[in-house]
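Side chains are part of it too, since the values below use all heavy atoms of this structure and drop only hydrogens, waters and symmetry mates. Here the structure is a predicted model, which is why all the values come from computation and not from measurement. When a residue number appears, it is its place in the shown sequence, counting from 1.
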Amino acid sequence: MNNRALIGELERQLRREPSFCTSEGVLIRNSIAEAAMELRPELLRLLLQHEELRRFFFTEVEGVRVFDKVKFLRFVNNKNFLPDSFTAYRNRIGLADATGDMLAERRQVVLSWPYKDCLLEGGQTREEARRQEIFWNETLAPDEINRLTEPKALRHFHRVTAEGEQPVEALSDEDNYIIRGNNLLALYSLRKRYAGQVRMIYIDPPYNTGGDSFGYNDTFNHSTWLTFMRNRLEVARDLLTADGSIYVQLDWNEAHYCKVLMDEIFGRDCFRNEIIWCYTGPGSPGMKQLNRKHDTILWYSRSPNKWVFNGNDIRLRSEVHAGGFKGEMSSNVSSSYTEKGKIPEDWWELFHTPEDLADEVRRLGEEQKRIDDADWFKAAVAARIKVDGVQRTGYTTEKPYKLMERLIRQGTNEGDLVLDFFAGSGTTGYVAGYLGRRYILVEQLEDTVAIMHRRFRDASPVYCEPAAANSRYMQEIGAAATAEELAAVLADIEAHGYLSWRLDTEALRATASEFAALPLAQQKALLLESLDKNMLYVPLSEAESNEFDLSEGEKALNREFYRA
């Protein structure tokens, strides 16, 4: 059989599998190639059922037929396979990839980038401390990564009130939580307890501006951020109720890429709105482009056909005149509509009215009186609002109360659970609290959690953190300033830490003098590599073990938290 005849037979055989062609019967080259790369049974079965295709694409080795994947892919990618016309381009208009395949025929468009399938920890612990982030897939096998993301035991349960830090004796369903620690590991722990229970997630992640916590080189800056977000959004989705929603606030740096990423994770049909939050202010006189004066809030629902939207709770004062809407509004209708107000559009001004600004300042004043911190009064206003004409200090990315009020009112009801796992200074939880909602905040930066201690001392949420194991050694290794200090850390690790199973401890001791002769940076790198990354924190499954120094009270609180 010649190649032309073989092509015809192959096309006819492949059309028998619905996933290999469009509804019009046009074969999808990319789908077929992917099936070959992954050795999917549906493709192999079709080829084996046809005598000529079986003979052409399979080789018999000691009675076993072996699929020649390379030969098949060469054949499929040949320009004579699936020819469309006498030119290299389809007789249709649309978006295509570099090979000429129409994107519409692939049934979905996904965003790809380096390290997309990796797990990025994001382990910064102090605002001023930057680090090269760890892609765990470079050092751990897949099954080890699964263990890394198991729920963690929690410890240091406490409340902070005006009288200082107070111990926690018991937990209740009405408790609010502030978890200090890595938000990826916190999300996996929360999933065990709160899967399908969170009505609303709001996050204000790093914008990847080059000046925030993602200060990487240009080559990996963008892909690192995308991996970081994908890891967290995938597990966050599992926490939402069937009618829950997630709101992600970004600026022009990553908003459009995040939109495509969230289409992939949540589903394009779950996209509800692109909310534009506008703000005003002067720009540089030397600018060679238009001022960028808005943030984007991407709103996705968990379900494509069910979500909470309390439009009547967020109406705004509006002047509607008789004769509007094609003359259909009489003066009577106009006056009642004006009194009721309108549901806002998908672009929001910073403050809609002078009363909004006055209400924001009133709330700030009430908070300032409670915490006795003059700097906090300035820090609690959004970075883009002038209050007293003085350069602001404090937490620079704080969002206005009025912005958070509108989002929380429209997306939740009283008693609902709100989650923010990039909590910052805690505005999401603070507003959720005075609106009668429950909240969980996750924040990694130690200095920022200290701000929340002052801010939430009247609300008394429960604070806790993952129980550290090897993670404390990682911090000690990083902080060691001399070889002597590092040697003391190594001795502690050998006595109480958890070394990788790959490490030959006898060989390590035998080469101790050679190790000591290395530059300090190399010693640190080798020690970090020697740690068992599965034991950065105490797994929940090991919480009852006497191997760790969890108190009986902490063990009991873990059982309560996880409902064990």
Side-chain angles (χ1 to χ4, degrees), residues 1-85 88-92 94-119 137 141-143 145-146 230 233-234 237-238 260-270 303-304:
M1 182 180 290
N2 61 36
N3 276 2
R4 185 175 296 277
L6 192 67
I7 286 172
E9 290 300 313
L10 178 60
E11 289 184 2
R12 277 189 289 275
Q13 193 73 352
L14 290 174
R15 285 194 180 92
R16 296 174 59 189
E17 170 56 46
S19 66
F20 293 159
C21 57
T22 68
S23 56
E24 293 83 17
V26 178
L27 289 173
I28 308 171
R29 191 200 309 259
N30 182 68
S31 180
I32 296 166
E34 285 183 357
M37 290 292 292
E38 297 173 7
L39 300 176
R40 293 183 190 165
E42 59 266 30
L43 172 65
L44 300 180
R45 193 178 299 114
L46 288 174
L47 298 177
L48 287 167
Q49 288 171 355
H50 192 285
E51 183 178 353
E52 290 296 328
L53 298 178
R54 182 174 65 244
R55 184 181 300 118
F56 193 78
F57 293 117
F58 289 82
T59 301
E60 189 165 316
V61 179
E62 296 184 0
V64 178
R65 290 192 179 93
V66 180
F67 179 48
D68 191 337
K69 179 166 59 176
V70 175
K71 185 177 183 180
F72 181 82
L73 288 172
R74 280 203 199 108
F75 195 85
V76 168
N77 289 323
N78 188 286
K79 65 180 181 180
N80 292 318
F81 181 68
L82 306 182
D84 297 292
S85 66
Y89 296 92
R90 303 287 177 92
N91 189 24
R92 291 163 57 189
L95 296 175
D97 66 8
T99 67
D101 290 331
M102 302 294 285
L103 295 181
E105 291 182 357
R106 298 191 176 203
R107 304 192 179 182
Q108 65 173 338
V109 178
V110 298
L111 188 64
S112 294
W113 64 88
Y115 296 102
K116 178 177 179 178
D117 59 347
C118 287
L119 190 74
N137 302 57
D143 62 323
I145 291 173
N146 291 338
R230 179 176 183 264
L233 290 172
E234 284 181 331
R237 181 177 181 269
D238 296 339
V260 179
L261 175 62
M262 294 184 73
D263 282 346
E264 180 181 346
I265 294 171
F266 290 89
R268 192 169 181 177
D269 53 355
C270 290
S303 164

* Asked: Considering residues at least two apart in sequence or located in another chain, which fulfil the side chain to side chain donor-acceptor pair (under 3.5 Å) criterion with Glu51?
  -> Arg55
* All side chain to side chain donor-acceptor pair (under 3.5 Å) counterparts of Arg45, not counting sequence neighbours -> none
Rounded to the nearest 0.5 Å, how far does [atom2] of [Y] lie from [atom1] of [X]?
X	Y	atom1	atom2	result
Asp269	Asp263	CG	CG	9.5 Å
Ile32	Glu11	CD1	CD	8.5 Å
Arg54	Gln13	CZ	CD	10.5 Å
Leu27	Glu17	CG	CD	11.0 Å
Leu14	His50	CG	NE2	10.5 Å

State which residues pass side chain to side chain contact (heavy atoms under 4.5 Å, CB included) with [X]; sequence neighbours excluded, sorted by chain then number.
X	value
Asp68	Val70, Lys71
Ser303	Asn305, Lys306
Ala36	Leu43, Phe67, Phe72, Leu73
Glu234	Arg230, Ile265

Closest non-hydrogen atom pair between [X] and [Y], with its separation:
X	Y	answer
Leu53	Glu9	CD1-O, 4.3 Å
Phe57	Leu47	CD1-CD2, 4.4 Å
Leu44	Leu39	CD1-O, 3.8 Å
Lys69	Met37	NZ-O, 3.4 Å

* side-chain contact (heavy atoms from CB on, under 4.5 Å) between Gln49 and Arg16: does it pass, once the steps are laid out? -> CA-CA 12 Å; Gln49 288 171 355; Arg16 296 174 59 189; 3.6 Å; yes
* To do: Would you sort out whether Cys21 and Val26 count as a side-chain contact (heavy atoms from CB on, under 4.5 Å), showing the intermediate values?
  => CA-CA 5 Å; Cys21 57; Val26 178; 5.9 Å; no
* Asked: Does a side-chain heavy-atom distance below 4.5 Å link Leu10 with Phe56?
  -> no
* Asked: Just by modelled atom types, is the Ser19 backbone N or O under 3.5 Å from a matching donor or acceptor in the Ser31 side chain?
  -> yes
